[in-house]
Amino acid sequence: MNSVNKEARIMGFALFAMYFGAGNLIFPAALGNLAGSDWFIGFIGYMLADAGLVILTMRAIMKSDRSYETLLAPVGNVLSKILIIAISLCIGPMIAIPRTAATSYETGFADLMPLPLYSALYFLIAIAVCLNSGRLVNIVGKIMTPVLVAGLLILIAVGIFSPAGPIGVASTDGILGIGVLNGFQTLDGFAAILFSALLLTDIYRKQYDDRETNRIFTGAAIIAFLGLALVYGGLTYLGATSGQLLPNADNGTDILSFLVGRLFSGIGMRLLTIVMFFACMTTTVGLIASISEQMHRYLPRLSYKICVLIIGGAGFLVANVGLNALIAIAAPILLVLYPPVLMLIIHAYAKRIPCDVIGARVAFVIALIVATLLLLVDGLPQWLNGMPVLSYFLVNLPLRIRQHRINRPS
């Protein structure tokens, strides 16, 4: 029992560190800066779309025979593979992995060295950790996470007890929707699909039985959720205290740098640099490792180590486009991919629906097409307002199609 609880704690801290990356630092601060006195409303929207979706996804994996292949299976073999490849590219070398390097660079290393040199050193460290796959979770959970958590708690505590400035009114409307969008931008909902597989692989490697595996997996998910909620709330509040002092910030990195400089002066920037580096590095390590495992499964001729080198090398190349460009690239891609993924996650909780493959495929394709059209025609605000209803409707669409086929006269 003690070993199970200890394993759940280690993996919970490892999951927290893996999820808590670049976007998880910059988006809450930017959200609070916009929200002002409505920061808690924005925080709720952010939590629902980030940590809430993470928990839903992890439980959906457990309900799907602990396999994301089973989770995606209702849409058929071809579509499920296309979807997992698209997700892997988003949370991997195209968006999330290079964004972690670019964010940590802009926070504390931009004045010390050029971006190409920094990103080369950054990815060499990440690759070295990933190649030690047998100790990956322990390295992240026991070594990297304590440094990250300590730095974050110091930053948040000082910001709460000695605010940078007064909290003003919100600078825009629709804070709840903006919070949801920022939560989606972190990509944690996608990452949960592959991180769950990585976590389960590590649990099985240690030869726990099914009951112990469920306890460890559930405990780790709860610890990660509570840790994310605590830090997100603190960072959103800190961002709110900067709204009147820094009303036209380019991104969350500028806001954090301003806050830390105001709260701590010179030593604070060193603290932020350390926090940002470890936040980004732990996520990079988790993403490279999980995507490399997936790539090795699809392409068994490529060893895990070769896959790590490929993913890490691709992340290094894309990282050099810069942070603002990566954020801009991510938004439209995510707005198209999230509805079909949400449909499949919700479907995992609705086992009572007698869904056949044709119905699930039709629902999946319609979700993809409607999301794309709404993005192109109506823009982001309308998409955000319609997405929850759209996802709920589409999860029931397979049942409607099946009923129609049964009731159709022969």
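Side-chain atoms are counted along with the backbone in the values below, which use heavy atoms only and exclude waters and symmetry mates.
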Step by step, work out the side chain to side chain contact (heavy atoms under 4.5 Å, CB included) result for Thr57 and Asp188. CA-CA 10 Å; Thr57 303; Asp188 285 345; over 6 Å; no
Show your working on side chain to side chain contact (heavy atoms under 4.5 Å, CB included) between Thr103 and Thr100 and close with a plain yes or no. CA-CA 5 Å; Thr103 300; Thr100 58; 6.0 Å; no
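- Residues Ile95 and Leu89 form no side-chain contact, since every pair of their non-hydrogen atoms from C-beta on lies 4.5 Å or further apart.
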Acceptor/donor pairs from residues 46-54 side chains to any protein atom, 3.5 angstrom cut, sequence neighbours excluded:
| residue | atom | partner | partner atom | Å |
| --- | --- | --- | --- | --- |
| Asp50 | OD1 | Thr186 | OG1 | 2.5 |
| Asp50 | OD2 | Tyr232 | OH | 2.7 |

Leu226 and Phe16: CA distance, side-chain angles, deciding distance, side chain to side chain contact (heavy atoms under 4.5 Å, CB included) verdict: CA-CA 9 Å; Leu226 294 176; Phe16 166 80; over 6 Å; no
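- Note that CD1 of Ile345 is 12.0 Å distant from CE of Met58, once rounded to the nearest 0.5 Å.
- To the nearest 0.5 Å, atom CD1 of residue Ile178 and atom CG of residue Asp173 are 8.5 Å apart.
- Nearest heavy atom pair, residue Gln244 against residue Gly168, reads NE2-CA, 3.7 Å.
- Ile288 and Phe123 make their closest contact through CD1-CD2, 4.4 Å (heavy atoms, listed as atom of the first residue, atom of the second, distance).
- The backbone N or O of Arg215 sits nowhere less than 3.5 Å from a side-chain atom of Thr218 that would complete a donor-acceptor pair.
- Listed for the Ser242 side chain is a donor-acceptor partner under 3.5 Å among the backbone atoms of Gly239.
- Using a 4.5 Å heavy-atom cutoff, the side chains of Ile125 and Phe277 are in contact.
- A distance-only check finds a donor-acceptor pair linking the side chain of His296 to the backbone of Leu302 [under 3.5 Å].
- Side-chain atoms of Met295 and Ile310, non-hydrogen and from C-beta on, do get closer than 4.5 Å to each other.
- Between the CG atom of Leu238 and the CD1 atom of Ile160 there is a distance of 7.0 Å, given to the nearest 0.5 Å.
- Closest of all the heavy-atom pairs between Ile175 and Ala170 is CG1-CB, 4.2 Å.
- Counting heavy atoms from C-beta outward, Lys81 and Tyr298 have side chains that approach closer than 4.5 Å.
- Environment of CZ in Phe40: sparse, with no more than 12 heavy atoms of neighbouring residues, nucleotides or ligands closer than 6.0 Å.
- Between Leu235 and Leu31 the shortest side-chain heavy-atom distance does not fall below 4.5 Å.
- Of the inter-residue distances, the one linking Cys280 atom SG with Tyr105 atom OH reads 14.0 Å to the nearest 0.5 angstrom.
- In this structure, CG on Leu34 lies 6.5 Å from OG1 on Thr172, to the nearest 0.5 angstrom.
- When all heavy atoms are compared, the tightest approach of Ile255 to Ala29 is CD1-O, 3.9 Å.
- For Ser303 (side chain) and Ile306 (main-chain N/O), a donor-acceptor pair under 3.5 Å exists by modelled atom type.
- By the 4.5 Å heavy-atom criterion applied to side chains, Tyr237 and Pro163 are counted as neighbours.
- Atom CZ in Arg9 sits 11.5 Å away from atom CD1 in Ile216 (nearest 0.5 Å).
- Put simply, the side chain of Ile311 does not reach to within 4.5 Å of the side chain of Leu287, judged on heavy atoms.
- Minimum heavy-atom separation, Ala8 to Ile223: O-CD1, 3.7 Å.
- A 4.5 Å side-chain heavy-atom check between Phe316 and Pro93 finds every atom pair outside the cut-off.
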Tabulate below the donor-acceptor pairs under 3.5 Å that side-chain atoms of residues 111-119 make, not counting sequence neighbours, or state none.
| residue | atom | partner | partner atom | Å |
| --- | --- | --- | --- | --- |
| Tyr118 | OH | Ser104 | OG | 2.6 |
| Ser119 | OG | Leu115 | O | 2.9 |
| Ser119 | OG | Pro116 | O | 3.1 |

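- Across Pro98 and Gly315, no two heavy atoms sit closer than the pair CB-O, 3.6 Å.
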